[in-house]
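To start, the structure itself, in structure tokens.
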Amino acid sequence: MRFRMGSGAVVLVTLAALATGCGAGSDTTTKPPAGDSAGTGSGSGGSAGGKADFGTVFTTEERFKQALPDPASMAGWTPRDASARIEEEPKPAGQCASDTDWECARIARGDANFEAFGEEADFEITAFADKKAAQDACRKEKNWSAKYTKAQVPPVPGVESHAYYRNAGGLDGLHLTMCLGTVVAEITLEGEGSSLDPATAHSLAQVFVPRIQKAAAAS
């Protein structure tokens, strides 16, 4: 299990090192039991962990290490792997028109994966050059995903989000997309042991969002 830095970078550290690079280790969660939950796909009001409309650009390994959940913040889950990739030659937003290819103008991407009781939780951050590019990408992703069945995941206050169920590679999954400042953050639940419970996605989002906000606020 390693944190890999791609696209020309040579930094390679263990996943456990994520815990030493961030100040969010006190944000912990345990896998909640399956159950009924209700909510909408978008939030309103203030955000408890920081600004949701930040202008910080995510282009370094350290920024992704701070933003992605680490083992300390994912009590009850087993870490699988984590990585980050910086695009050497990102495409200009003007060349990215398709809703399907909503990530086209990304400048970097990071992800971390965890597993518990046969359920897999995947966290992804797709970074863009500015808030406008990120908002455009989020709009395209929402348009593209409109064909899928909506999932009623309670929102994190102050964070625009939408969720849906989809099948990919023979696996059913619950996918939550959140739009924060210069990034699009995603949580995917899948696996044979997954109940695809919206409450689980909401619980994980409450860990993920503050970490992203703290990473954006860090100097």
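Checking Ser98, Cys96, Ser145 one by one against Lys140, the side-chain contact (heavy atoms from CB on, under 4.5 Å) holds for a single residue, Cys96. Checked against His175 for a side chain to side chain donor-acceptor pair (under 3.5 Å), the options His162, Arg166, Glu190, Glu186 give a single hit: Glu186.
Here the closest heavy-atom approach between residue Gly118 and residue Glu115 is recorded as N-OE2, 2.8 Å. Looking at every heavy atom in both residues, Ala185 comes nearest to Ile212 through CB-CD1, 3.6 Å. Taking both residues in full, the closest heavy atoms of Pro90 and Ile107 are given as CB-CG2, 3.9 Å, listed atom of the first, atom of the second, then distance. For Arg63 against Phe58, the heavy-atom pair with the smallest separation is CG-CD2, 3.2 Å. Looking at every heavy atom in both residues, Ile125 comes nearest to Ala67 through CD1-CB, 3.5 Å. Here the closest non-hydrogen pair linking Ala205 and Pro210 is O-CD, 4.0 Å.
Taking CD from Glu87 and OG1 from Thr126, the interatomic distance works out to 10.0 Å, rounded to the nearest 0.5 Å. In this structure, Gln135 CD and Cys179 SG are separated by 8.5 Å, a value rounded to the nearest 0.5 Å. To the nearest 0.5 angstrom, Leu189 atom CG is 8.5 Å from Asp197 atom CG. Atom-to-atom distance recorded for His202:NE2 and Gln152:CD is 13.5 Å, nearest 0.5 angstrom. Note that OG1 of Thr188 is 9.5 Å distant from CG of Asn113, once rounded to the nearest 0.5 Å.
No side-chain heavy atom of Asp136 sits under 4.5 Å from any side-chain heavy atom of Phe128. Side-chain contact between Trp77 and Glu119 is present, with heavy atoms from C-beta onward closer than 4.5 Å. Side-chain atoms of Asp111 and Asp81, non-hydrogen and from C-beta on, do get closer than 4.5 Å to each other. Taking the side chain as every heavy atom from C-beta outward, Met74 and Phe123 approach each other to under 4.5 Å. In this structure, the side chains of Lys65 and Asp70 stay at 4.5 Å or more apart for every pair of heavy atoms. Looking only at side-chain heavy atoms (C-beta outward), Phe114 and Thr78 stay at 4.5 Å or farther from each other. Contact of the Tyr165 side chain with the Asp172 side chain is not registered, since no non-hydrogen atoms from C-beta on lie closer than 4.5 Å. No side-chain heavy atom of Met178 sits under 4.5 Å from any side-chain heavy atom of Cys138.
Val57 and Leu68 sit in two unconnected hydrophobic clusters of ILVMFWY residues. Membership requires side-chain heavy atoms under 4.5 Å apart, directly or through other members. Cluster membership check: Leu180 does not share its hydrophobic cluster with Trp102, using side-chain heavy-atom separations under 4.5 Å among Ile, Leu, Val, Met, Phe, Trp and Tyr. Leu204 and Tyr164 are assigned to two separate hydrophobic clusters, defined by single-linkage of ILVMFWY side chains at heavy-atom distances under 4.5 Å. One hydrophobic cluster, built from ILVMFWY side chains closer than 4.5 Å, cannot hold both Ile187 and Val184; they sit in different ones. Both Leu176 and Leu196 belong to a single network of hydrophobic side chains, linked directly or stepwise wherever heavy atoms of I, L, V, M, F, W or Y lie under 4.5 Å apart.
Formation of a donor-acceptor pair under 3.5 Å by the Arg106 side chain with backbone atoms of Ile86 is not found in this model. Here the side chain of Lys214 pairs no donor or acceptor atom with the backbone of Gln66 at under 3.5 angstrom.
Between Arg80 and Asp122 there is no salt bridge, since no side-chain nitrogen of the basic residue lies less than 4.0 Å from a carboxylate oxygen of the acidic one.
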| said: Could you walk me through whether Arg139 and Glu141 satisfy the salt bridge (Lys or Arg N to Asp or Glu O under 4.0 Å) test, starting with their C-alpha distance in whole Å, then the side-chain angles of each, then the deciding distance to 0.1 Å, before giving a yes or no? | reply: CA-CA 5 Å; Arg139 175 185 57 79; Glu141 198 279 339; over 6 Å; no
